[in-house]
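Since we're looking at a predicted model, the values are computed, not measured. Every chain is numbered from 1 and lettered A, B, ... according to where its sequence line falls, protein lines coming before strand lines.
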Amino acid sequence: MVPLFLISKLQIMNSHNVYKKLLRVYGPQGWWPLLQRSSLPGYDQEGYHPGIYKNDLQPHEQFEIITGAILTQNTSWTNVRSSMGALLEVCRKKGQILSPEFFLAMDHSELAAIIRSSGYFNQKAKKLKAVSSFYLDNRGDLTIPSRKDLLSIWGIGPETADSILLYAYHRPVCVVDAYSVRIFRRLESRGLSSGRQPAAPKEWTYDRLQQKFHSELPPEHRVYNEFHALLVEHGKHYCTSKKQKCNICPLQFDSGVD
DNA sequence: GCCCAGGAGCATA
DNA sequence: TATGCTCATGGG
């Protein structure tokens, strides 16, 4: 028999209630930012598009998301934004579009120099070429790849693969990142997470946390889209690795839980 | 100057 | 399986 006060706490912090609360606090995030659409109505100058969830991406736009997903690995978006702008500028000057062919036509040093500002530029140049080769070798038309296929590409791990599936291909897949793990670990440490809690609480691994999200959230693309973006936004404000602001965290103290 | 960011691969135990 | 090291720029 679980005490009533515990039931209410457990229900409060399942993934769906975390989602609803974060959405109320921060609003729609408009991910994934598409710089190539930054001049279109509904898109801001960085390419964010809050409230627009249409599945109408062109191949060069899908490839911008794939590129961004690699460039942002362990890197802040401001650095990625700079590299993406540089890439698109080179495209424009060469009269090309962002594509596997564009990356493969450059030699390593040229590509690495263009994406320098996003850090790890040698590794990321190699990764961009690897993912480009994958598309040209296996599916030149950018049809939906399987998660297994994506994971077989050098430089693409679980989070990058799921980001690509969710944001470039509108697949209903939850993305887990360092913020997700940290936020739910800290909620759980305060008895506020609805995770199955073993006697000795196990760490939230990628797969375990993704299963939790999939089981607790409505299986809708737009929910998964916003949830990951909202966790990132919340993490930036309240849950960085060293500076946790649990004492003023809206997930714990914002009133009006649904 | 230090810390960290929208990770992943690899060596080692 | 799991832990530690490496990759690197730019903003706070």
Side-chain angles (χ1 to χ4, degrees), chain A residues 18-19 22 26 28-35 44 46-50 64-87 108-109 111-134 147-169 173-186 198 200-210 213 224-245:
Chain A
V18 169
Y19 161 74
L22 292 179
Y26 300 104
Q29 297 298 298
W31 278 31
W32 188 280
L34 271 174
L35 206 47
D44 71 15
E46 300 300 319
Y48 290 95
H49 43 94
E64 180 183 337
I65 295 173
I66 293 166
T67 301
I70 288 173
L71 293 182
T72 198
Q73 289 173 355
N74 205 33
T75 301
S76 61
W77 189 258
T78 53
N79 291 24
V80 177
R81 165 66 179 79
S82 174
S83 288
M84 190 66 74
L87 280 170
H108 173 90
S109 57
L111 178 54
I114 297 171
I115 63 171
R116 181 181 179 82
S117 64
S118 62
Y120 308 104
F121 47 83
N122 282 315
Q123 291 213 0
K124 286 174 179 175
K126 187 177 168 187
K127 292 175 181 182
L128 289 175
K129 282 180 171 290
V131 77
S132 297
S133 295
F134 167 81
R147 188 175 195 267
K148 183 181 175 185
D149 284 346
L150 287 172
L151 289 174
S152 73
I153 303 169
W154 188 88
I156 294 188
E159 181 183 341
T160 307
D162 289 336
S163 290
I164 290 171
L165 290 171
L166 175 65
Y167 292 106
Y169 294 103
V173 176
C174 279
V175 178
V176 176
D177 70 339
Y179 282 127
S180 316
V181 173
R182 195 180 302 142
I183 289 167
F184 277 86
R185 185 196 303 148
R186 286 178 177 168
K202 283 184 154 183
E203 286 294 307
W204 285 115
T205 62
Y206 192 103
D207 292 341
R208 254 198 294 261
L209 198 49
Q210 189 179 48
F213 292 167
Y224 292 175
N225 176 320
E226 291 292 354
F227 188 53
H228 173 55
L230 287 164
L231 285 172
V232 171
E233 186 64 15
H234 181 67
K236 286 178 184 173
H237 286 289
Y238 294 97
C239 210
T240 57
S241 59
K242 290 276 172 79
K243 296 176 185 171
Q244 46 180 309
K245 303 178 180 175

field: Candidates Ile164(A), Thr160(A), Ile65(A) - the one meeting side-chain contact (heavy atoms from CB on, under 4.5 Å) with Ile70(A)
entry: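 Among Ile164(A), Thr160(A), Ile65(A), the one that satisfies the side-chain contact (heavy atoms from CB on, under 4.5 Å) with Ile70(A) is Thr160(A).
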
message: From the set dA5(B), dG6(B), dA8(C), return the single nucleotide nearest to any side-chain atom of Val232(A).
response: dG6(B)

message: Given dA5(B), dG7(B), dA8(C), identify the nucleotide with an atom nearest to the side chain of Ala178(A).
response: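 From the listed options, dG7(B) comes nearest.
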
Value in whole Å for how far the [atom2] atom of [N] lies from [atom1] of [X]:
X         : N      : atom1 : atom2 : answer
Ile183(A) : dG6(B) : CD1   : C1'   : 12 Å
Gln29(A)  : dG6(B) : CD    : C1'   : 12 Å
Gln210(A) : dG6(B) : CD    : C1'   : 16 Å
Leu71(A)  : dA8(C) : CG    : C1'   : 13 Å
Ile153(A) : dG9(B) : CD1   : P     : 10 Å
Ile70(A)  : dA8(C) : CD1   : C1'   : 17 Å
Lys124(A) : dG6(B) : NZ    : C1'   : 10 Å
Trp154(A) : dG7(B) : CH2   : P     : 16 Å

message: So is the aromatic ring of Trp77(A) stacked onto the base of dG6(B), judging by whether the centres are under 5.5 Å apart and the planes are under 30° apart?
response: yes

- prompt: Are Trp31(A) and dG6(B) stacked, counting the six-membered base ring, centres under 5.5 Å, planes under 30°?
  reply: yes

Same-atom distance (P) from dG4(C) to dG6(B), integer angstrom: 23 Å

query: Would you say Asn74(A) reaches dG6(B)'s phosphate, i.e. side-chain N/O to OP1/OP2 under 4.0 Å?
result: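 Indeed not, no polar side-chain atom of Asn74(A) lies that close.
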
message: So, OP1 or OP2 of dA8(B): does either fall under 4.0 Å of a side-chain N or O from Thr160(A)?
response: yes

- prompt: Between Thr240(A) and Gly157(A), which is nearer to the 5' end of DNA chain B once each is assigned its nearest nucleotide?
  reply: Thr240(A)

Along DNA chain B (nearest heavy atom to each residue), the more 5'-positioned of Arg182(A) and Lys127(A):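 It is Arg182(A) whose nearest nucleotide is closer to the 5' end.
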
Between [X] and [Y], a side-chain donor and acceptor under 3.5 Å:
X         : Y         : answer
His234(A) : Tyr179(A) : no
Lys124(A) : Thr75(A)  : yes
Ser82(A)  : Asn79(A)  : no

message: A side-chain contact here means heavy atoms from C-beta on lying under 4.5 Å apart; do Thr67(A) and Ile115(A) qualify?
response: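 No. Closest side-chain heavy atoms not under 4.5 Å.
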
query: Is any side-chain heavy atom of Ile153(A) closer than 4.5 Å to a side-chain heavy atom of Lys127(A)?
result: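 No, side chains not in contact.
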
Table of protein N/O atoms under 3.5 Å from nucleotides 1-6 of chain C N/O atoms:
none

- request: Quick one: sort the Trp31(A) and Tyr167(A) rings into parallel, tilted or perpendicular, breaks at 30° and 60°.
  value: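 Aromatic pair Trp31(A)/Tyr167(A) classed tilted.
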
task: Give, for atom NE2 of His228(A) and atom OG of Ser163(A), the distance between the pair rounded to the nearest 0.5 Å.
output: 4.5 Å

Donor-acceptor contact below 3.5 Å, side chain Gln73(A) vs main chain Gly155(A): yes

message: Between Arg182(A) (side chain only) and Cys239(A) (backbone N and O only), is there a donor and an acceptor less than 3.5 Å apart?
response: yes

- prompt: Do Tyr48(A) and dG6(B) share a donor-acceptor pair, side chain to base, under 3.5 Å?
  reply: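 Answer yes: a donor N or O sits under 3.5 Å from an acceptor.
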
Pairwise N/O distances under 3.5 Å, protein to nucleotides 10-12 of chain C:
| unit_1 | atom_1 | unit_2 | atom_2 | d |
| --- | --- | --- | --- | --- |
| dG10(C) | O4' | Asn79(A) | OD1 | 3.4 |
| dG10(C) | O4' | Asn79(A) | ND2 | 3.0 |

